[in-house]
Amino acid sequence: MRGRARGKILAIKWGMNPNSSSLGVDVTFLLVGATALAMVTPIVGALLRWRKALPVEPTTAAPTEGSE
Amino acid sequence: MRLAARGWDAVQTIAQRVRVAREFRPRRTRLERFGAIVQLTVPRALVFVDRAFARASLDVGDEPAVWQGAEPALGDHVLSAPLEAHLQLTNRCTAGCQGCYTGASPEGAPHEYGLVEWARAIDRLADAGVFHVALGGGESAVLPWLGELADHARRRGIIPNLTTSGLDGLDRLVGIADRFGQINVSLDGLHATYAAVRGFDGFAQADAAIRRLRAVKREIGINVVVTRHNFGELDGIFAYAAERRLSEVELLRFKPSGRGARAYLDLRCSDAQHRAFLPTILAAARRHQVRVKVDCSYTPMLAHHRPDRALLAELAVYGCTGGDFLVGAKPGGQLTACSFAAPPPAVDGVRPKVDELAAYWTAPGAFGAFRTWRAAREPCASCEYHTLCRGGCKVVSSHVTGELDAPDPECPRVVDHAPRVHRLPVVV
């Protein structure tokens with residue numbers, strides 16, 4: 001999650017959540033700790049940087065005001 | 001041998017994902033105040049990036065309007081739309097589980113949406129930028145149009161995922177399993193424990209469903225509602241998942257909702273079990289080499305072990321993100337902050353339907369207490385994990401204390417903070 005000049009990855013939410021009652025999050029990385037994630041994150045970053053720039057897809061959503 | 005099987009599974013999984021993504025291209029990007037969210041198919045992930053990273057990797061053109069003003073941190077503001085929506089397609093189910101959080105019945109709920117209405121809801125969610133839907137019930141597998149709805153979601157760039165009991169509608173579901181991103185079967189215990197948790201012996205049927213689904217699809221997992229009755233069996237459940245070559249075990253905390261409100265005192269885990277939860281599941285995941293997921297309500301039990309806060313943030317481990325990262329919808333389309341929650345307070349006298357998400361999302365007071373978690377009382381206010389945990393599960397808080405915004409009463413920190421009541425023996 002480093003690299004100030006070229007920006008940084010803030011978080012990665014792994015996998016899908018099939019559970020229709022709550023938000024599931026993969027905690028398998030807690031087994032191996034921050035070091036393993038620090039090794040994987042640059043690979044994900046490279047996947048995003050090295051391919052053709054993705055178009056920004058439009059939405060009807062608007063950000064909410066305030067800091068809630 | 002197991003390693004070779006896993007490698008083969010991985011290769012086939014990737015090939016299948018790429019093939020489906022070519023046929024139905026999922027939404028790949030969404031701008032946010034902090035930067036953007038980018039969806040990857042291989043590996044499967046939602047990646048949150050800051051503005052500089054987004055400028056370097058996306059075709060953003062001129063400075064987007066959403067980036068006006070100072071760049072906030074992830075979590076400082078509500079997202080521009082949910083990441084995922086949990087759609088309770090029906091409340092019909094014949095299983096009659098004693099802890100069912102929706103109180104499902106063979107008759108279902110009055111005025112349930114049909115295919116046309118749910119397809120319209122999917123359209124509105126896609127327009128808003130939602131990435132995934134999790135379809136559930138009741139038992140959604142009995143719906144004759146489930147495959148059609150999943151196809152519609154795919155066409156609109158939303159990846160549909162599914163939870164099923166495996167007890168009904170299986171023949172139809174096996175035929176449409178490839179349309180879903182991930183399917184999990186609810187399995188709350190092995191053999192007799194299944195019956196102790198659910199109130200009837202459905203293990204053999206659920207196991208048969210898991211084997212049939214796994215024969216046609218690799219991304220099959222199990223959802224396990226953790227109760228005091230199956231806690232001691234978690235290692236065995238992970239062993240079962242490994243034996244069936246399932247892709248994940250997702251662990252869910254028991255919620256006092258629907259019929260679960262009546263069964264709560266009998267089924268909820270003890271405080272000691274909550275404190276032992278994280279080391280127990282990580283040991284089981286390591287021993288059996290199975291991926292483990294936990295639901296949002298378990299964040300207080302993770303924080304209890306003081307894990308690296310930055311690591312939790314980087315893994316997007318959050319507590320209650322109802323009305324922010326996720327929303328729910330009841331069978332009649334009523335919008336909720338999460339599937340366990342009652343519909344939110346009316347705005348201008350109107351309770352919103354899921355089709356009206358975009359308008360309601362920015363309304364003042366939308367989702368009530370689910371968005372006011374920053375105004376926390378102790379011991380949440382001084383907890384270093386509070387901006388991630390957000391006070392724990394509001395559904396549990398509401399049931400136990402009567403207040404949605406009270407600290408989660410099952411959080412070990414909250415338990416330790418509560419005034420000790422020393423009961424003196426009664427001397428006659």
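Computation of the quantities below employed the complete heavy-atom set of this structure, encompassing side-chain atoms and omitting hydrogens, waters and symmetry-equivalent molecules. So you know, we letter chains A, B, ... as the sequences are listed, proteins then strands, and number each from 1.
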Problem set entry | side chain to side chain contact (heavy atoms under 4.5 Å, CB included) against A:E57, all qualifying residues, sequence neighbours excluded | B:R25, B:R27, B:R28, B:T29

Under 4.5 Å from a heavy atom of chain A, the part of [X] involved:
{"X": "B:E32", "result": "neither"}
{"X": "B:I37", "result": "neither"}
{"X": "B:E84", "result": "side chain"}
{"X": "B:V42", "result": "backbone"}
{"X": "B:L135", "result": "backbone"}
{"X": "B:L251", "result": "neither"}
{"X": "B:V38", "result": "side chain"}
{"X": "B:D308", "result": "side chain"}
{"X": "B:L326", "result": "side chain"}

For this session: Before giving the answer on side-chain contact (heavy atoms from CB on, under 4.5 Å), spell out for A:L10 and B:V49 the whole-Å C-alpha distance, their side-chain angles and the decisive distance to 0.1 Å.
Result: CA-CA 5 Å; A:L10 305 170; B:V49 302; 5.7 Å; no

Contact check, side chains of [X] and [Y], non-hydrogen atoms, under 4.5 Å:
{"X": "B:L302", "Y": "A:V27", "value": "yes"}
{"X": "B:P43", "Y": "A:V40", "value": "no"}
{"X": "B:F53", "Y": "A:L48", "value": "yes"}
{"X": "B:L40", "Y": "A:V44", "value": "yes"}
{"X": "A:L30", "Y": "B:V292", "value": "no"}
{"X": "A:T41", "Y": "B:E314", "value": "no"}

Using 0.5 Å steps for rounding, measure from the [atom1] atom of [X] to the [atom2] atom of [Y].
{"X": "A:R6", "Y": "B:S57", "atom1": "CZ", "atom2": "OG", "result": "10.0 Å"}
{"X": "A:N19", "Y": "B:Q182", "atom1": "CG", "atom2": "CD", "result": "11.0 Å"}
{"X": "A:I12", "Y": "B:L46", "atom1": "CD1", "atom2": "CG", "result": "10.5 Å"}
{"X": "B:L74", "Y": "A:I9", "atom1": "CG", "atom2": "CD1", "result": "13.0 Å"}
{"X": "B:R286", "Y": "A:T28", "atom1": "CZ", "atom2": "OG1", "result": "11.5 Å"}

Where [X] and [Y] come nearest, the two heavy atoms and their spacing:
{"X": "A:P55", "Y": "B:D59", "value": "CA-CB, 4.2 Å"}
{"X": "B:E250", "Y": "A:P18", "value": "OE1-CD, 3.7 Å"}
{"X": "B:A56", "Y": "A:R49", "value": "CB-NH1, 3.9 Å"}
{"X": "A:L31", "Y": "B:L282", "value": "CD2-O, 3.2 Å"}
{"X": "B:A134", "Y": "A:N17", "value": "CB-O, 3.5 Å"}
{"X": "A:V25", "Y": "B:A316", "value": "CG2-O, 3.7 Å"}

Seminar exercise, completed: From the list B:D295, B:V317, B:D324, B:T321, side chain to side chain contact (heavy atoms under 4.5 Å, CB included) with A:L23 holds only for B:T321

For this session: Tell me, please, which residues at least two apart from A:W14 pass ring-ring contact (aromatic ring centres under 6.0 Å, His included).
Result: A:F29

Exercise. Taking A:T59 for the side chain and B:D127 for the main chain, is one N or O donor matched with an acceptor at less than 3.5 Å?
Worked result: no

Exercise. Between A:I43 and chain B, which part of the residue has a heavy atom less than 4.5 Å away: side chain, backbone, both or neither?
Worked result: neither

Problem set entry | Candidate pair B:F325 and A:K13, rule side-chain contact (heavy atoms from CB on, under 4.5 Å), full reasoning | CA-CA 11 Å; B:F325 286 30; A:K13 187 176 181 301; 5.6 Å; no

